[in-house]
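The structure under discussion appears below in the form of structure tokens.
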Amino acid sequence: MSLQLEWSNDQDKQEIPDAWISKLEQLLQLAGESEGIAGGEVSLTFTGDEEIHELNREYRGIDRPTDVLSFAMQEDGVDELDIIFEVEHEEDADPISGMLGDIIISVDTALAQSEEYGHSLEREIGFLFVHGFLHLIGYDHQDDETEAEMTAKQEAILQKAGLTR
């Protein structure tokens, strides 16, 4: 079993080439291997600043656009609601058990950041995707120590895929 990527392009400013999707699928496998995750599904949506701004305001209470948002399906927080499925067959009991979550990337912000940092848009989108994936599986960067750990993991995965600065 391997990790699966489902994706959609909900913006029209930037074409998403097949080669980028292949690279993102490679990054997903490399990130999964480095974290010991053999299977599951990640949903990726490319959007613009207006749409991600709305999501950031609604779900995080931050009234501005951002580069990437992650919504984990496997979180077990105190405020999380249990999802209960009524099924006829036991094998259909949990249709989201393999779903790791959703990653939303603002192509507008990714483009601006790639120009600011002096690297390709493909590299920036790869970075944001790996960053989002690490959030899906529980990593965060609330302090210097956790940020350094997450940054090191991201860079190691990007290096393996040949997406260097």
Side-chain angles (χ1 to χ4, degrees), residues 1-57 59-60 62-75 99-165:
M1 184 177 199
S2 64
L3 289 163
Q4 301 297 312
L5 176 64
E6 294 294 324
W7 69 281
S8 64
N9 186 6
D10 292 352
Q11 55 84 48
D12 57 10
K13 294 179 185 167
Q14 175 69 45
E15 180 185 340
I16 306 298
D18 291 342
W20 288 11
I21 299 304
S22 295
K23 184 60 75 173
L24 293 171
E25 288 172 337
Q26 178 190 16
L27 287 168
L28 182 59
Q29 299 312 314
L30 290 170
E33 287 170 17
S34 75
E35 295 300 315
I37 298 171
E41 184 178 311
V42 172
S43 175
L44 170 63
T45 303
F46 295 103
T47 193
D49 275 352
E50 189 175 315
E51 295 82 0
I52 209 163
H53 182 165
E54 190 175 307
L55 292 169
N56 204 24
R57 182 177 50 239
Y59 291 101
R60 297 181 63 223
I62 299 174
D63 193 14
R64 63 176 165 77
T66 189
D67 50 7
V68 62
L69 290 172
S70 298
F71 297 97
M73 294 293 286
Q74 305 298 325
E75 284 187 334
M99 183 68 182
L100 295 176
D102 299 302
I103 298 171
I104 296 112
I105 294 175
S106 170
V107 175
D108 295 334
T109 299
L111 183 56
Q113 288 176 175
S114 70
E115 291 170 0
E116 178 183 341
Y117 300 136
H119 55 240
S120 70
L121 179 57
E122 179 185 23
R123 197 261 185 215
E124 185 65 17
I125 286 175
F127 169 84
L128 294 173
F129 179 70
V130 172
H131 185 88
F133 175 79
L134 291 174
H135 276 306
L136 288 183
I137 62 171
Y139 285 93
D140 214 340
H141 45 84
Q142 299 295 357
D143 55 44
D144 291 342
E145 185 180 329
T146 56
E147 184 172 0
E149 178 185 13
M150 199 167 168
T151 299
K153 287 180 177 293
Q154 291 165 171
E155 290 303 323
I157 293 163
L158 290 165
Q159 288 279 333
K160 285 182 185 175
L163 284 178
T164 57
R165 289 184 181 227

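For this chain, numbers begin at 1 and follow the sequence in order. Please read these numbers as outputs of a predicted model, since none were measured by experiment.
Minimum heavy-atom separation, Ser70 to Ile103: OG-CG1, 4.2 Å. In terms of heavy atoms, Ile105 sits closest to Leu44 at CD1-CD1, 3.8 Å. Here the closest heavy-atom approach between residue Asp102 and residue Met99 is recorded as OD1-CE, 3.7 Å.
Crowding of Asp63 atom CG: a count of heavy atoms from other residues, nucleotides or ligands under 6.0 Å exceeding 12. Remark: Asp12 CG is loosely packed, at most 12 non-hydrogen atoms of other residues, nucleotides or ligands lying under 6.0 Å away.
For His53, the ring pair (Phe, Tyr, Trp, His ring centres under 6.0 Å) test picks out no residue, with sequence neighbours left out.
A 4.5 Å side-chain heavy-atom check between Phe127 and Leu163 finds every atom pair outside the cut-off. Put simply, the side chain of Phe129 does not reach to within 4.5 Å of the side chain of Val68, judged on heavy atoms. Between Ile157 and Ser34 there is a side-chain heavy-atom pair separated by less than 4.5 Å. Side chains of Leu111 and Lys13 form no contact here, defined as non-hydrogen atoms less than 4.5 Å apart. Looking only at side-chain heavy atoms (C-beta outward), Tyr59 and Leu69 stay at 4.5 Å or farther from each other.
With rounding to the nearest 0.5 Å, the separation of CG in Leu100 from CZ in Phe71 is 15.5 Å. To the nearest 0.5 Å, atoms CG (Leu28) and CG (Leu3) are separated by 4.5 Å. In this structure, CD1 on Ile137 lies 4.0 Å from CD1 on Ile37, to the nearest 0.5 angstrom. Atom CD1 of Ile104 and atom OG1 of Thr47 lie 8.0 Å apart (nearest 0.5 Å). To the nearest 0.5 Å, atom CD1 of residue Ile52 and atom CD of residue Gln11 are 11.5 Å apart. Between the CG atom of Leu158 and the NZ atom of Lys153 there is a distance of 13.5 Å, given to the nearest 0.5 Å.
Residue pairs satisfying the side-chain hydrogen bond (donor to acceptor under 3.5 Å, both in side chains) criterion with at least one member in residues 17-28, sequence neighbours excluded, are listed as follows: Lys23-Gln26. Judged as a ring pair (Phe, Tyr, Trp, His ring centres under 6.0 Å), the pairs with a partner in residues 137-165 (not counting sequence neighbours) are, in order, His131-His141, His135-His141.
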Verdict with reasoning, Glu51 to Asp10, per side chain to side chain contact (heavy atoms under 4.5 Å, CB included): CA-CA 9 Å; Glu51 295 82 0; Asp10 292 352; over 6 Å; no
Intermediate values then yes/no, side chain to side chain donor-acceptor pair (under 3.5 Å), Gln4 and Ser2: CA-CA 6 Å; Gln4 301 297 312; Ser2 64; 3.1 Å; yes
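Side-chain atoms of Gln159 never come within 3.5 Å of backbone atoms of Thr164 as a donor-acceptor pair (strictly under, hydrogens ignored).
Of the residues Asp67, Thr66, Asp49, Asn56, the one that meets the side chain to side chain donor-acceptor pair (under 3.5 Å) test with Ser106 is Asp49. The side-chain contact (heavy atoms from CB on, under 4.5 Å) test with Leu24 singles out one residue from Leu5, Ile16, Val42, and that residue is Leu5.
Contact check on Glu50 versus Arg57 returns no salt bridge, with no Lys/Arg side-chain nitrogen under 4.0 Å from an Asp/Glu carboxylate oxygen.
In the model, Ser114 has no side-chain atom that pairs as donor or acceptor with a side-chain atom of Glu116 under 3.5 Å.
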